[in-house]
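Per chain, numbering begins at 1; letters A, B, ... match sequence-line order. Side chains are part of it too, since the values below use all heavy atoms of this structure and drop only hydrogens, waters and symmetry mates.
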Amino acid sequence: MFKLIETDGRARRGIFETAHGTVQTPVFMNVGTKAAIKGGLDAFDLKAVGCQVELSNTYHLHLRPGEDIVASLGGLHGFMNWDGPVLTDSGGFQVFSLATLRKITEEGVSFSSHIDGRKIFMGPEESIRIQSSLGSDIAMAFDECVQNPSPYEYVKLSCERTYRWLVRCRDELSRIKAAGRCVNPGQMLWGINQGGVSEELRADNMKAIAALDLPGYAIGGLAVGESTEEMYRIIDVVEPLMPPDRPRYLMGVGTPGNIIEGVARGIDFFDCVLPARNARHGHLYTREGRINLNNQKYAADPLPIDPVCGCPVCRTHSRAYVRHLLRAEEVLGLRLCVMHNLWFYNNLMAEIRTAIEENRFCRFREEYSEKFDKRL
RNA sequence: GUGGGUGUAGCUCAGCUGGUUAGAGUACCAGGUUGUGGCCCUGGGGGUCAUCGGUUCGAAACCGAUCACCCACC
């Protein structure tokens, strides 16, 4: 399903087949948590900004509108009229970041909904059943994402339990497929590596989950409190232990600089709320670095957000106009800013892919990393 | 016209019986935000305390006059 077509150092240029089309990697997945891109973008807009894979969230869609409704409308693809690949996050992260009163046991997690406070239980089987109803092409394992730093003993306990949960996820998906009641018969399960910032736990866990021979692997539990240098150190430990013929997904990362560094370390898939969230706050990406469009100096600026950008927004609107929309709290301002930032990220990935194909990724990395992230 | 009330940051208001450099919220200016609660956090600039005079060692505060606005009654 995953085919490497070119490498440049550790950077990989690949093609990944899903039940809803082919993905050119490295790729950035566009985040539509509740089956919608925040800021008012729909499936047509996703095409316009160059999105290849849409990412939705199990926890949020389980709470509202509920997976049965989504399934009855043809899964996420039919529900939101997106015919491309979809990945669903398992809800593990949200159970720990949003829900209150949670209690973790070997079975799973009991918690209160952040919407109405009602008691909910979610374990590996529940998460997979929900994701099956959502009909995503890639279902993620139900895991616990511990904050960094956390005590070694707890991280060890947690990531061993997450491994057992992964086995249960795999078995549940097999049962559902065997029963023949799938919204998406081509749905696959990816495993997630955990282990905090411990190289030993990370390596042991990666070896264990690699042995399960899953169609894809993610590195989770990063960008959750540790320094950027620690994050790169952990990737450097885990990546050599990941099966080379399977896609690698660095969850929740990151800045353009983080992504370039991730690609340089052999990562193929990324997702992050940052471009959309920053867009909503008027922080926009340009070829020369990030600008804050709320700044007064742009109040009468006739230039587009990024003068060298080819996105639909930059071809049409001035900084002054988009800034005004943001200040006036017009929803159009959010929409235009999100479109620009997502286009920027998707375009960055296209440039990365071309650079790898042309064997000049190293130069590309040197040239742009510093502009995108001063911490590099 | 008579009686009462209110004037403090762009806006809404705190500021006790007089006591260091007059505060808050909001707005404004600028940072932050990594498997998304359009949220939140952090810093900054900004005031002849309506005006004029008086009492006092010391007044945004007490007294008087003036001006503006509000309410009630004529």
Measuring only the C1' atom in each nucleotide, how far is B:G3 from B:C11? A whole number of Å is fine. 31 Å
query = If only side-chain N and O atoms of A:N294 are considered, is one of them under 4.0 Å from the OP1 or OP2 phosphate oxygen of B:C29?
reply = no
Separation of B:G32 atom P from A:H283 atom NE2, nearest Å, is 6 Å
Under a 3.5 Å limit on both distances, the Watson-Crick or wobble mate of B:C73 is B:G1
So, do A:R233 and A:E199 sit near enough that their side-chain heavy atoms are less than 4.5 Å apart? yes
Whole-Å distance, A:I291 CD1 to B:C29 P, equals 15 Å
Among B:C29, B:G38, B:G35, the one nearest any side-chain atom of A:R280 is B:G38
In Watson-Crick or G-U wobble terms, with both distances under 3.5 Å, the base opposite B:G38 is none
When A:M251 and A:E329 are each assigned the nearest nucleotide of RNA chain B, the 5'-most assignment goes to A:M251
* Asked: Crowded around A:E329 CD? As in, over 12 foreign heavy atoms under 6.0 Å?
  -> no
Taking a pair to mean Watson-Crick or G-U wobble geometry with both distances below 3.5 Å, B:G43 pairs with B:C29
Donor-acceptor pair present, A:Q194 side chain and B:G35 base, under 3.5 Å = yes
Nearest-nucleotide check on RNA chain B, A:L334 vs A:M231; residue mapping nearer the 5' end is A:M231
Quiz item: A:A276 near the nucleic acid: base, sugar-phosphate alone, or nothing, with a heavy-atom cut-off under 4.0 Å?
Solution: base
- request: With C1' as the reference atom in both, quote the distance from B:G43 to B:C49 in angstrom, rounded to an integer.
  value: 27 Å
Same hydrophobic cluster for A:V338 and A:L348, using side-chain heavy-atom links shorter than 4.5 Å among ILVMFWY?
-> yes
Requested in this report: Pick base, sugar-phosphate or nothing for A:I192, based on heavy-atom distances below 4.0 Å to the nucleic acid.
Outcome: base
request  = Using the six-membered ring for Trp and the full ring for Phe, Tyr or His, decide whether A:H281 stacks on the six-membered base ring of B:C39 (centres under 5.5 Å, planes under 30°).
outcome  = yes
Any donor-acceptor pair under 3.5 Å linking the side chain of A:R277 with the backbone of A:C272? no
Between CH2 of A:W165 and P of B:G35 the distance, given in whole Å, is 20 Å
- Given the C1' atoms of B:G44 and B:G64, what is the spacing between them in whole Å? 42 Å
Regarding the side chain of A:V273, the nearest nucleotide among B:U33, B:U34, B:G31 is B:U34
Determine, stepwise, if the pair A:E67 / A:Q131 fulfils side-chain contact (heavy atoms from CB on, under 4.5 Å). CA-CA 8 Å; A:E67 62 273 14; A:Q131 294 187 72; over 6 Å; no
From the candidates B:G37, B:G35, B:G38, the one with an atom nearest any side-chain atom of A:H114 is B:G37
Here the distance between atom P of B:G31 and atom CG of A:L284, to the nearest Å, is 13 Å
From the list A:T162, A:V237, A:L201, A:V238, side-chain contact (heavy atoms from CB on, under 4.5 Å) partner of A:N193 resolves to A:V238
The nucleotide from B:G37, B:G35, B:U34 with an atom nearest the side chain of A:K38 is B:G37
Report which part of the nucleic acid A:D89 touches: base, sugar-phosphate, or nothing (heavy-atom distance under 4.0 Å, all strands). base
Regarding the side chain of A:V331, the nearest nucleotide among B:U34, B:G38, B:C29 is B:G38
For this session: Please answer: with hydrophobic residues joined when any side-chain heavy atoms are less than 4.5 Å apart, are A:L250 and A:M140 in the same cluster?
Result: no
Closest to the side chain of A:R323, out of B:G35, B:C29, B:U33, is B:C29
Practice task
Have a look at A:D143 and say if it touches a base, only the backbone sugar-phosphate, or nothing, with a 4.0 Å heavy-atom cut-off.
Solution key: base
Mate of B:U55 across any strand shown (Watson-Crick or G-U wobble, both atom pairs under 3.5 Å) is none
Scanning all shown strands, the Watson-Crick or wobble mate of B:C49 with both distances under 3.5 Å is none
Taken to the nearest whole Å, CE/A:M29 to C1'/B:G35 is 9 Å
* **Span that lies between the P atom of B:A59 and that of B:C16, in whole angstrom** => 16 Å
task: For B:G31, take OP1 and OP2 only and decide whether either is under 4.0 Å from a side-chain N or O of A:N295.
output: yes
When rounded to whole Å, the CG to P distance for the pair A:N278 and B:C40 reads 17 Å
Looking only at atom P, what distance separates B:A60 and B:G54, rounded to whole Å? 15 Å
_Measuring only the C1' atom in each nucleotide, how far is B:G4 from B:U12? A whole number of Å is fine._
24 Å
pair_partner(B:A68), Watson-Crick or wobble, both distances < 3.5 Å, evaluates to B:U6
Checking A:N278, A:I305, A:L336, A:N294 against A:L284 for side-chain contact (heavy atoms from CB on, under 4.5 Å), the one that qualifies is A:I305
Considering only heavy side-chain atoms of A:R290, the closest of B:C29, B:G38, B:U33 is B:U33
Rounded to whole Å, the CD-P distance (A:E144 to B:G35) equals 17 Å
Among B:C28, B:G37, B:U33, the one nearest any side-chain atom of A:R327 is B:C28
Applying the 3.5 Å cut-off to both distances, the Watson-Crick or G-U partner of B:A24 turns out to be B:U12
- Task: Just call it for A:G39: base, sugar-phosphate, or nothing, with non-hydrogen atoms closer than 4.0 Å on any strand.
- Result: base
In the structure I gave you, are the side-chain heavy atoms of A:K119 and A:S110 within less than 4.5 Å of one another anywhere? no
Rounded to whole angstrom, note down the P distance from B:C62 over to B:C69.
24 Å
Rounded to whole Å, the CD-P distance (A:Q131 to B:G35) equals 17 Å
Note to self: Please give the distance between the P atoms of B:U48 and B:G10 as a whole number of Å.
What the structure shows: 8 Å
